[in-house]
Amino acid sequence: MALEIGVLVSGRGSNLEAILESIRDGRLSAAHVSLVISSQEGVRAVDIARRFGVDTAVFDAGSLGLSRKEYDRLLIDSLNAHGISASSGLVVLAGFDRILSPEFVSAFPGRLINIHPALLPSFKGLHAQRQALEYGVKVSGCTVHFVVPEVDAGPIIAQQAVEVREGDDEESLSARILEEEHKLLPKAIELLASGRLRLEGRRVLVN
Ligand code: GRF
């Protein structure tokens, strides 16, 4: 049976697109995106979801006027209604622009992952590529990790290094990292979907 996935987005949606294309092309098997939730109206990510025939929900945080707890409850209820719960399914944060409450995180134990455009634990938070350039590292990259209440701090599932070149600016480095994100995220989902990941303390082991 396919793993039911809910993807949370807020903008461009290129990682969502990479997941949907991987499923369509059979590179990512045993997984199915059953819901895409966007925190923003009128974004490309929602168009992509519709183009692939995936159910969408737009919960515009600004206009709903909910507390974080109420907003996250709405997310949990929608995901649950699409078969994604504490005991089944997977939630993927792919460019979601909100920090999730501890209640949300504990509603999906071991079933909530994020992609971050740096080699964690370096350069957590926003503008990770800019942080990497400003720090002067020679190598950056991307990380897929389980989500814990502390931002960008959960157990690491997979990482891919990307060279930082002397001529790089934020845009060129981000573009090269993004290309790798599009490969890494579907690969990490495949590992999860095929039941090959095991958590030992902070370490994620691949069988
Ligand atoms: C990606 O760089 C991802 O690593 C970060 O947000 C960006 C989302 O891009 N968390 P997209 O919406 O998937 O194109």
Side-chain angles (χ1 to χ4, degrees), residues 5-25 27-28 31 33 35-52 54 56-61 75 90-100 104-105 108 112-135 137 139-164 168-190 192:
I5 304 176
V7 186
L8 272 50
V9 296
S10 299
R12 180 177 55 188
S14 69
N15 278 292
L16 166 68
E17 196 169 23
I19 296 168
L20 290 167
E21 285 176 353
S22 299
I23 293 173
R24 182 195 61 199
D25 301 346
R27 276 172 284 132
L28 174 50
V33 178
L35 178 65
V36 168
I37 301 179
S38 174
S39 63
Q40 306 279 344
E41 306 262 13
V43 292
R44 181 173 174 268
V46 174
D47 297 337
I48 292 168
R50 294 202 177 118
R51 177 151 54 80
F52 277 84
V54 177
T56 57
V58 178
F59 298 139
D60 185 75
L75 296 180
L90 174 70
V91 181
V92 178
L93 308 182
F96 192 59
D97 65 0
R98 291 174 60 87
I99 294 175
L100 293 160
F104 185 93
V105 174
F108 302 99
L112 177 57
I113 66 172
N114 179 46
I115 175 123
H116 183 74
L119 293 178
L120 291 172
S122 292
F123 314 125
K124 295 177 177 176
L126 293 175
H127 309 300
Q129 304 93 330
R130 192 190 305 167
Q131 292 183 52
L133 278 172
E134 283 172 358
Y135 196 90
V137 291
V139 177
S140 191
C142 48
T143 303
V144 178
H145 62 94
F146 285 112
V147 175
V148 295
E150 190 189 331
V151 174
D152 297 330
I156 291 170
I157 300 169
Q159 291 186 301
Q160 177 60 50
V162 172
E163 176 200 5
V164 180
D168 267 335
D169 57 14
E170 193 178 349
E171 197 183 323
S172 63
L173 179 60
S174 300
R176 268 202 329 286
I177 292 175
L178 193 64
E179 253 180 64
E180 298 303 325
E181 293 183 39
H182 295 162
K183 296 180 218 157
L184 193 69
L185 184 55
K187 259 193 226 160
I189 295 173
E190 176 71 31
L192 260 159

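Order of appearance sets the numbers: ligands from 1, and atoms from 1 within every ligand.
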Relative to atom 14 (O) of ligand 1, which among Cys142, Ser10, Gly11, Ser14 owns the nearest non-hydrogen atom? Ser14

Could you pull out the closest heavy-atom pair between Val7 and Ala94, with the gap in Å? CG1-CB, 3.9 Å

Between Gln129 and Asp169 (side chain of the first, backbone of the second, donor and acceptor by atom type, cut-off under 3.5 Å), is there such a pair? no

Can you list the atoms of ligand 1 that are under 4.0 Å from a heavy atom of Gly13? 11 (P), 12 (O), 13 (O), 14 (O)

Measuring from atom 4 (O) of ligand 1, which candidate in Glu180, Glu181, His116 has the nearest non-hydrogen atom? Glu181

Heteroatom distance test (Asn15, ligand 1): nitrogen or oxygen, under 3.5 angstrom: yes

Does some non-hydrogen atom of Ala45 fall short of 4.0 Å from ligand 1? no

Which one of Gln159, Lys124, Glu181, Gln160 satisfies the side-chain hydrogen bond (donor to acceptor under 3.5 Å, both in side chains) criterion with Thr143? Gln159

Give the atom numbers and elements of ligand 1 that come within less than 4.0 Å of a heavy atom of Gly95. 6 (O), 8 (C), 10 (N)

So that I can tick it off, tell me whether Arg51 and Glu17 are bridged by a salt bridge, with the cut-off set at under 4.0 angstrom between side-chain N and carboxylate O. yes

Closer than 4.0 angstrom, basic N to acidic O: yes or no for Lys187 and Glu190? no

Which of the atoms in ligand 1, numbered in the order shown and given with their element, are less than 4.0 Å from a heavy-atom of Ile115? 3 (C), 4 (O), 5 (C), 10 (N)

Do other residues, nucleotides or ligands put more than 12 heavy atoms under 6.0 Å from Glu150 CD? no

For ligand 1, find out whether one of its N or O atoms is nearer than 3.5 Å to an N or O atom of Asn114. no

Would you say that Leu100 contacts Phe108 through its side chain, given a criterion of any heavy-atom pair below 4.5 Å between the two side chains? no

Which residue owns the protein heavy atom closest to atom 9 (O) of ligand 1, what's the atom, and how far is it? Arg12 NH2, 3.1 Å

